[in-house]
Amino acid sequence: MQPRKSSSRGFTLAEMMLSLALGVVVVGVAVEMFSHAMSGTFSVSQQAEMQQDLRAAENMMVKDISMAGAGGFNSGGVPLVSGSGVTAPLYGCSSIGCGPNNKTGLTFPTNSAVNYLYAITPGYRKGATLNSTKGATDVITVTYVDTTLALNQYLMTFPNAAPTTALFTMPVPTPIPAPIPVSDSGTGLQLGDFVLISSSVGGSTAYAVAEVSTVSGVASPYTVQFNTPSNSKLNQLGGAYGLTALVGGTNMTARRIWVITYYIDVKTDGTPVLMRQVNARIPIAVSENISDLRFLYDTYDDTKNPPTQINTIDANLSTGGSPNLIRKITIQHLTLRSPLAHSDGYQAMDVQTSISARNLGYSDRYPVQ
């Protein structure tokens, strides 16, 4: 009996090609599923990060806007240095330049040719233009009194004829608790801070808002300089309602105020950034890739019929309205665009909210429609 020979027959070329094709299909499907899974994970992760950044920016804006007029800020606004030979004071400017209004800064609203600082100052289309169809973005400025640094507990005087140097002296006996030192490195007066000063002059109350240039002294009395010119042009001598108007006054009182401006700036690489500027300090970035910022304002004026104008884009300032009439502020659009694109392009997220500034004399007497 002869031994049985084993078969040496292998796969045919057709079988190999079929197997290879099937393998390629299976691997391709697996790769496609993995790619979709990774894209979905990236998209969800990016959305979560965007939502976190957007909510953080919104919360900061809401907190500041809700404080408008707080701390005993003058309900009718504060007159600023004005008059013949006076350059209109600015906001949105610091020692490194100006931000809003195409890097030129913004002038304060006027009332009977007098510049005024209000609790809310709308800046309709005064920001950067990111979309030519939508037009320039908005700016908003809120003002309230600082209650941490009790400047009003110090005795304030101008030792020289020119009111550019002020002395802050601790009264005797010292208040309990003692106020924070004016020169405290953390919460004391800083370069670019705004100080609201009032004084009794000729039986009337005179006001001035000044920008801090330097602060010196490790103990009372502290010396504060209001040098001219200043970044905000508030320290001008001459005109009305400026530092000059305080000369010779009595019962001088000072309070630091927070004048906070939100606007969109564009970095050199083209990234739009939401900026927060306090007084004339250097602005700080709140969030990158904010691609739109819009506001609406509810006003109340019972001298008109109907008394309420709801959701106006500039609080009717363009038609002679006053920021004093603002009762509610709506963030119409706060839009964030994803920093990176994926297969479906960029993602975007938008939030809206309304804020009733409790210190602006809110009224719910809306007319029946």
Side-chain angles (χ1 to χ4, degrees), residues 50-71 73 90-106 108 117-128 130 136-149 186-187 189-194 209 211-212 231-232 234 256-268 271-295 297 323 326 329-337 339 349-353 355 357:
M50 288 171 59
Q51 186 176 43
Q52 187 176 34
D53 291 346
L54 195 57
R55 289 301 179 188
E58 181 193 33
N59 289 341
M60 182 173 290
M61 292 183 66
V62 168
K63 178 182 177 181
D64 280 331
I65 294 173
S66 67
M67 290 293 291
F73 184 75
L90 299 171
Y91 62 95
C93 296
S94 69
S95 59
I96 62 172
C98 300
N101 202 25
N102 295 320
K103 308 290 186 181
T104 62
L106 291 164
F108 292 90
L117 172 63
Y118 293 100
I120 291 284
T121 303
Y124 174 62
R125 293 196 173 184
K126 298 296 185 180
L130 307 177
T137 53
D138 290 349
V139 176
I140 191 170
T141 300
V142 301
T143 303
Y144 55 94
V145 176
D146 172 34
T147 56
T148 302
L149 177 61
T187 56
L189 287 179
Q190 311 290 328
L191 171 67
D193 272 348
F194 290 167
V209 177
E211 178 186 334
V212 173
N231 300 310
S232 60
L234 287 169
R256 178 168 61 186
I257 55 176
W258 298 127
V259 180
I260 301 174
T261 301
Y262 284 94
Y263 64 95
I264 293 179
D265 196 10
V266 181
K267 297 169 61 175
T268 54
T271 302
V273 183
L274 177 64
M275 306 298 294
R276 178 180 187 263
Q277 180 166 356
V278 178
N279 298 334
R281 296 183 182 185
I282 295 175
I284 303 298
V286 176
S287 180
E288 293 187 342
N289 299 295
I290 298 295
S291 59
D292 201 12
L293 182 63
R294 310 278 170 182
F295 297 94
Y297 301 90
I326 295 174
I329 304 93
T330 298
I331 301 177
Q332 183 185 22
H333 291 293
L334 178 61
T335 309
L336 187 145
R337 188 201 69 185
M349 189 172 293
D350 186 77
V351 294
Q352 303 88 30
T353 189
I355 309 110

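Just so it is clear, the model here is predicted, and its values are computed rather than measured.
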Peer 1: Evaluate the criterion side chain to side chain contact (heavy atoms under 4.5 Å, CB included) for residue pair Ile290 and Leu54; output intermediate values, then yes/no.
Peer 2: CA-CA 8 Å; Ile290 298 295; Leu54 195 57; 4.0 Å; yes
Peer 1: Please enumerate all residues that pass side chain to side chain donor-acceptor pair (under 3.5 Å) together with Ser94, with sequence neighbours excluded.
Peer 2: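 Here no residue qualifies.
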Peer 1: What's the separation between atom CZ in Arg294 and atom CD in Gln332, rounded to the nearest 0.5 Å?
Peer 2: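 Going from CZ on Arg294 over to CD on Gln332, the span is 8.0 Å.
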Peer 1: Evaluate the criterion side chain to side chain contact (heavy atoms under 4.5 Å, CB included) for residue pair Ile260 and Met67; output intermediate values, then yes/no.
Peer 2: CA-CA 11 Å; Ile260 301 174; Met67 290 293 291; over 6 Å; no
Peer 1: Among all residues two or more places apart in sequence or in another chain, which pass the side chain to side chain donor-acceptor pair (under 3.5 Å) test with Gln277?
Peer 2: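 With sequence neighbours excluded, Gln277 shows a side chain to side chain donor-acceptor pair (under 3.5 Å) to no residue whatsoever.
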Peer 1: Can a donor-acceptor pair be found, under 3.5 Å and without considering hydrogens, that links the side chain of Asn289 to the backbone of Leu336?
Peer 2: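 It does not hold such a pair.
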Peer 1: Can you name the residues that form a side chain to side chain contact (heavy atoms under 4.5 Å, CB included) with Asp146, not counting sequence neighbours?
Peer 2: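 Asp146 satisfies side chain to side chain contact (heavy atoms under 4.5 Å, CB included) with Thr148, Leu149, Arg256, Trp258 only.
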Peer 1: For the OG1 atom of Thr261 and the NZ atom of Lys126, what is their distance to the nearest 0.5 Å?
Peer 2: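 Result: 13.5 Å between the selected atoms.
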Peer 1: Going by heavy atoms in the side chains, are Val278 and Gln190 under 4.5 Å from each other?
Peer 2: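 No; the side chains remain at least 4.5 Å from each other.
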Peer 1: Counting C-beta onward and ignoring hydrogens, is there a side-chain heavy-atom pair between Ile65 and Phe295 closer than 4.5 Å?
Peer 2: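 A side-chain contact exists here, since the closest heavy-atom pair is under 4.5 Å.
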Peer 1: Measure across Val139 and Pro100 and return the closest heavy-atom pair with its distance rounded to 0.1 Å.
Peer 2: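 Nearest heavy atoms, Val139 then Pro100: CG2-CB, 3.9 Å.
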Peer 1: Can you list everything that forms a ring pair (Phe, Tyr, Trp, His ring centres under 6.0 Å) with Tyr118? Sequence neighbours excluded, please.
Peer 2: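 By the ring pair (Phe, Tyr, Trp, His ring centres under 6.0 Å) rule, Tyr118 matches Tyr116.
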Peer 1: Can you tell me how far OG1 of Thr121 sits from CZ of Phe108, rounded to the nearest 0.5 angstrom?
Peer 2: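 One gets 7.0 Å once the value is rounded to the nearest 0.5 Å.
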Peer 1: Take Ile355 and Ile331, measure what side chain to side chain contact (heavy atoms under 4.5 Å, CB included) needs, and give me the verdict at the end.
Peer 2: CA-CA 8 Å; Ile355 309 110; Ile331 301 177; 4.1 Å; yes
Peer 1: Partners of Val266 by side chain to side chain contact (heavy atoms under 4.5 Å, CB included), sequence neighbours excluded?
Peer 2: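 Here the qualifying residues are Ala128, Leu130.
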Peer 1: When you compare the side chain of Leu117 with that of Phe194, does any pair of heavy atoms fall below 4.5 Å?
Peer 2: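 Sidechains of Leu117 and Phe194: no contact.
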Peer 1: According to side chain to side chain contact (heavy atoms under 4.5 Å, CB included), who are the partners of Glu58, at least two apart in sequence or on a separate chain?
Peer 2: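 Partners of Glu58 by the side chain to side chain contact (heavy atoms under 4.5 Å, CB included) criterion, ordered by chain and then number, come out as Arg55, Val62, Leu334, Val351, Thr353.
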Peer 1: Can you see which heavy atom on Gly105 is nearest to which on Cys93, and at what distance?
Peer 2: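 The pair with the smallest heavy-atom distance is CA-SG, 3.7 Å.
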Peer 1: Mind checking side chain to side chain donor-acceptor pair (under 3.5 Å) for Tyr144 and listing every partner two or more places apart, or none if nothing turns up?
Peer 2: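 Residues passing side chain to side chain donor-acceptor pair (under 3.5 Å) with Tyr144: Asp64.
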Peer 1: Can you list everything that forms a side chain to side chain donor-acceptor pair (under 3.5 Å) with Ser291? Sequence neighbours excluded, please.
Peer 2: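 Listed in chain order: nothing, the list is empty.
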Peer 1: Are any side-chain N or O atoms of Asp138 and backbone N or O atoms of Arg125, one a donor and one an acceptor, separated by less than 3.5 Å?
Peer 2: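 Yes, the answer is positive, given that a donor and an acceptor are paired below the 3.5 Å cut-off.
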Peer 1: What is the minimum heavy-atom distance between Leu234 and Glu211, and which atoms define it?
Peer 2: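 For Leu234 and Glu211, the tightest heavy-atom pair comes out as CB-N, 4.5 Å.
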Peer 1: Check salt bridge (charged side-chain N to carboxylate O under 4.0 Å, His left out) between Lys267 and all other residues, then give those that pass, not counting sequence neighbours.
Peer 2: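 Result, salt bridge (charged side-chain N to carboxylate O under 4.0 Å, His left out) vs Lys267: Glu288.
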Peer 1: Would you call Asp292-Arg337 a salt bridge at under 4.0 Å N-O?
Peer 2: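 Not counted as a salt bridge, because no side-chain N and carboxylate O are separated by less than 4.0 Å.
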Peer 1: Is there side-chain contact between Pro283 and Ile96, with at least one heavy-atom pair below 4.5 Å?
Peer 2: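 Sidechains of Ile96 and Pro283: in contact.
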Peer 1: Go through the structure and list residues passing ring pair (Phe, Tyr, Trp, His ring centres under 6.0 Å) with Tyr262, not counting sequence neighbours.
Peer 2: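 Once residues adjacent in sequence are excluded, Tyr262 has no partner under the ring pair (Phe, Tyr, Trp, His ring centres under 6.0 Å) criterion.
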Peer 1: Could you walk me through whether Ser95 and Ile282 satisfy the side chain to side chain contact (heavy atoms under 4.5 Å, CB included) test, starting with their C-alpha distance in whole Å, then the side-chain angles of each, then the deciding distance to 0.1 Å, before giving a yes or no?
Peer 2: CA-CA 7 Å; Ser95 59; Ile282 295 175; 4.0 Å; yes
Peer 1: Please identify each residue that fulfils ring pair (Phe, Tyr, Trp, His ring centres under 6.0 Å) with Phe73, with sequence neighbours left out.
Peer 2: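 Checked Phe73 against ring pair (Phe, Tyr, Trp, His ring centres under 6.0 Å); zero matches.
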Peer 1: When rounded to the nearest 0.5 angstrom, what is the spacing between CD1 in Ile140 and CD1 in Ile329?
Peer 2: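 Ile140 CD1 to Ile329 CD1: 6.0 Å, rounded to 0.5 Å.
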Peer 1: Output the distance between atom CG (Leu106) and atom SG (Cys98), rounded to the nearest 0.5 Å.
Peer 2: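 Nearest 0.5 Å value for the CG-SG distance: 8.5 Å.
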Peer 1: Could you state the interatomic distance from CD (Gln52) to CE (Met349), rounded to the nearest 0.5 Å?
Peer 2: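 One gets 11.5 Å once the value is rounded to the nearest 0.5 Å.
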Peer 1: Can you sort out the partners of Ala285 under side chain to side chain contact (heavy atoms under 4.5 Å, CB included), two or more places apart, ordered by chain and number?
Peer 2: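 Counting only residues at least two positions away or on another chain, Ala285 forms a side chain to side chain contact (heavy atoms under 4.5 Å, CB included) with Val273, Met275.
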